[in-house]
Student: 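Have a look at this one before I ask anything.
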There are 2 protein chains.
Amino acid sequence: MTTLRDVAREAGVSVATASRAINGHSNVTAPTKAAVLAAVKKLNFVPHSGARSLTRRKTDTVGVILPDLFGEFFSEIIRGIDLVAHESGMHLLLGNMHGSTHETAAAIAAMRGRVDGLLVMPPDVKPELLSGYLDPALPTVLLNYDAGSLDLPFVAVDNYHGAYAMTEALLARGAKQVVHIAGPKHNRDARDRQRGFADAMAKIAKVQSPAILPGDFSEESGAQAARLLVQGRLPADAVFAANDQMAVGLIAELAASGMSVPGDILVAGFDDIPLARHLNPSLTTMQVNIDRLGSTAMMMLLRILRGETLAAASATILTPTLVARGTTGGAAGSAVAAKAPVLGAHG
Amino acid sequence: MTTLRDVAREAGVSVATASRAINGHSNVTAPTKAAVLAAVKKLNFVPHSGARSLTRRKTDTVGVILPDLFGEFFSEIIRGIDLVAHESGMHLLLGNMHGSTHETAAAIAAMRGRVDGLLVMPPDVKPELLSGYLDPALPTVLLNYDAGSLDLPFVAVDNYHGAYAMTEALLARGAKQVVHIAGPKHNRDARDRQRGFADAMAKIAKVQSPAILPGDFSEESGAQAARLLVQGRLPADAVFAANDQMAVGLIAELAASGMSVPGDILVAGFDDIPLARHLNPSLTTMQVNIDRLGSTAMMMLLRILRGETLAAASATILTPTLVARGTTGGAAGSAVAAKAPVLGAHG
DNA sequence: TTTGCCATTGTAACCGGTTACTCTAAACCT
DNA sequence: AGGTTTAGAGTAACCGGTTACAATGGCAAA
């Protein structure tokens, strides 16, 4: 481990001069600088970022705390964050709350002194608990969390308008009896999507209590819904699943029961997972650009780090896009944005 | 920012005592300890991990450097690493070399002083260049890199035997003329798979120069191969694509040309991406447990950090598993491991 | 009562950099 | 020439913890 002291000694200068030469300060003569850099090369010196960030009070790192690492969604968010972070020379420190409140506190505490800012995706249950753990002095942006009691900037997906738009589209295709397969009850995304569905049914189709089947975002729960639909002889000419995963399970089970999609029944999902376009028929869904979620949040965090003041009022809501494909009999590939501001102030 | 000094003052003790009380050292009286902890609560003190790691010379963090963040593969690796890291209370610092050599050096340098060890997945081209950047004093495990000039422990996938086994299986299904769609030329995985294919054809089918079509792991290149196959009237009764992505593109294009899979031609891929089982017919492929790649590497790194000495000789080779599905007309879901040691010393 | 030992606690050096402040000497001025 | 400015380099404090070593004091042993 060669240190700056070693370099200084080798170059025959003081540590201060060595430091200045390495960091390109102007008040160093050319020959002195050359001598220092030669010593750096010779000793193979690499600055100790840990020590440096201690004095600079700047780590060039942002902490990312996610509730869990579930496949596609996680990787896309990270990719989006990294894209922006990388441009600004920032590093990513990953924290995982693994669902538990205790771990969340630990993850956040462990970040102290290691990061300049935090990107946090609160767990579904009681995100308000977070406020107790978060350091008010540490710039923080919330991911996938729309409003609430915390006065922090956040970026979220407009699930409500997305679901509303999808329901509207199904009705426009001529469906009369649209059934919704809901997501987990405690999940914020799922609740908002259900609300969007119910409101659209009430406003457009004048149906006050539309049929809603329970689900938990899993493929199996989609299949279960299909069985309920078929065996229960629930009258339905369209199904709107709260996510693609369930739509996939639903379609497979419907096919097994001899029902044709979209011939007998239209199907739509939400998320646009990669699988969606490869199904046969391909799945109509609301496209959520998950990476945008990450990159937008990172951009907001960078603005705060540059000195701007952002609060909940400067939140960003990402609007999902309707992608009409085979399962609604539509022209495969056409895309329409949900009716809502693309990027707008919230509050 | 409350510091340890503040806590000590508040509790009426010295910083040394405060530090000892907080870290649970035995030589502190109960009342003193209580006073310190009360002060911690009152001032909302959270230790500064950066400063702590400077003196302890231990960061409880491992650096993960990946060539790029491509979807599924990346997220699965991270998930595997995190699984093990989390158990040991380790954090993950993400570095991204974004393909370039220059960035790789920068990413590795930036890790100095921030991590206790490194998990590096070398880029396809000249992984040997790495040795110049890597700090020999920093425990390092290589990911997805099988042998080479670096004497570092690594974990890799046995692409060769996997491809050999798949080719063997296709021949066993009665195929006479198997065509391979290769991956990018500079890609190590792709080359090994092609080698496995060629050797199997030579040894089992006694074909010395089997047909090999170019590809680049993309869906489009799979479709292109299909067109070559159909228009060029290349005699073939089975196609082994170097990855699933290409197999997907291939199948879609074959279907568009009116060819039936597996009726007219058998198809197999490699990787077992989630999409594979959802295709219709479902795709026969070699299952690579990518998360295992990450968790195994992390486990090796932990062993080094605990003081064990590991070198290239203690590498781990993960053997992929054959999953026979619809595209080879087989019993969907049966799985057979490739003939090779499951976990074994290499070299 | 004095000495010795041990359990607590305090002092200060240190981890590896950064930088405010000081010092020296060369260059500039009248 | 004498005084002043200023560029270049050095000294040392500091970031926020940890810990070796020193100091204190209470109690048992002599």
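Letters A, B, ... mirror the listed sequences (proteins, then strands); counts begin at 1. Because only heavy atoms are used, hydrogens play no part in the values below, and waters and symmetry mates are left out as well, while side chains stay in.
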Student: Tell me the interatomic distance from A:Arg52, atom CZ, to C:dC15, atom C1', rounded to whole angstroms.
Tutor: 16 Å
Student: Quick check on DNA chain C: between B:Arg57 and B:Val15, whose nearest nucleotide comes earlier from the 5' end?
Tutor: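 Between the two, 5'-proximity favours B:Val15.
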Student: Is a side-chain donor or acceptor of B:Asp158 paired with a backbone partner of B:Ile317 at a separation under 3.5 angstrom?
Tutor: no
Student: OP1 or OP2 of C:dC15 versus the side-chain N and O atoms of B:Ser53: is any pair under 4.0 Å?
Tutor: no
Student: Using atom CG of A:Asn23 as one end and atom P of C:dG16 as the other, report the distance to the nearest whole Å.
Tutor: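 It is 17 Å, rounded to the nearest whole Å.
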Student: Please answer whether the main-chain N or O of A:Glu308 pairs with a side-chain N or O of A:Arg303 as donor and acceptor at a distance below 3.5 Å.
Tutor: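 Such a contact is absent between A:Arg303 side chain and A:Glu308 backbone.
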Student: Rounding to a whole Å, what distance do you find between B:Leu43:CG and D:dG17:C1'?
Tutor: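 Roughly 16 Å, once rounded to whole Å.
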Student: Do A:Arg56 side-chain and C:dG17 base share a donor-acceptor contact under 3.5 Å?
Tutor: no
Student: Select from B:Ala51 and B:Ser26 the residue whose nearest nucleotide in DNA chain C is closer to the 5' end of that strand.
Tutor: B:Ser26
Student: Any donor-acceptor pair, under 3.5 Å, between the side chain of B:Arg5 and the base of D:dG17, if you only look at N and O atoms?
Tutor: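 Such a pair exists between side chain and base.
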Student: Going through the distances and angles, do A:Arg79 and A:Asp82 end up as a salt bridge (Lys or Arg N to Asp or Glu O under 4.0 Å)?
Tutor: CA-CA 5 Å; A:Arg79 204 167 58 79; A:Asp82 175 78; over 6 Å; no
Student: How long is the line joining CG of A:Leu4 and P of C:dT18, in whole Å?
Tutor: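 Distance check: A:Leu4 CG to C:dT18 P gives 7 Å.
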Student: I want to check one thing: is the phosphate of C:dC15, taken as OP1 and OP2, less than 4.0 Å away from some side-chain N or O of A:Thr3?
Tutor: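 No, outside the criterion.
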Student: Does any donor-acceptor pair link the side chain of B:Arg20 with the base of C:dG10 at a separation under 3.5 Å?
Tutor: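 Donor-acceptor pair under 3.5 Å: yes.
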Student: Ignoring hydrogens and angles, tell me if any N or O in the side chain of A:Asp135 forms a donor-acceptor pair with the backbone of A:Ala137 under 3.5 Å.
Tutor: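 Yes, A:Asp135 side chain to A:Ala137 backbone: donor-acceptor pair under 3.5 Å.
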Student: Please state how far atom CZ in A:Arg114 lies from atom P in D:dG16, giving the value in whole angstrom units.
Tutor: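 Result: 16 Å.
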Student: So which nucleotide from D:dC15, D:dG10, D:dG16 ends up closest to the side chain of A:Val13?
Tutor: D:dG10
Student: Are any of the side-chain heavy atoms of A:Ser53 and A:Asp60 separated by less than 4.5 Å?
Tutor: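 The answer is no, as the side chains (C-beta and beyond) never meet within the 4.5 Å cut-off.
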Student: Figure out the NE2/C1' separation between B:His48 and D:dT18, and round it to whole Å.
Tutor: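 Rounding to the nearest Å, NE2 of B:His48 and C1' of D:dT18 are 14 Å apart.
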Student: Under 4.0 Å: is that the gap between some side-chain N or O of B:Thr32 and OP1 or OP2 of C:dT9?
Tutor: yes
Student: Look at A:Thr17 and D:dG10 and indicate whether a side-chain polar atom (N or O) is within less than 4.0 Å of OP1 or OP2.
Tutor: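 For D:dG10, OP1/OP2 do have a side-chain N/O of A:Thr17 under 4.0 Å.
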Student: Compare side-chain N and O positions of B:Ser19 against OP1 and OP2 of D:dT18 and report whether any pair is under 4.0 Å apart.
Tutor: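 So the side-chain polar atoms of B:Ser19 do come within 4.0 Å of the phosphate oxygens OP1 or OP2 of D:dT18, strictly under.
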Student: Tell me: NE2 of B:His25 to P of D:dT18, nearest whole Å?
Tutor: 8 Å
Student: What is the distance, to the nearest angstrom, from the CG atom on B:Asn27 to the C1' atom on D:dA20?
Tutor: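 It works out to 12 Å between those atoms.
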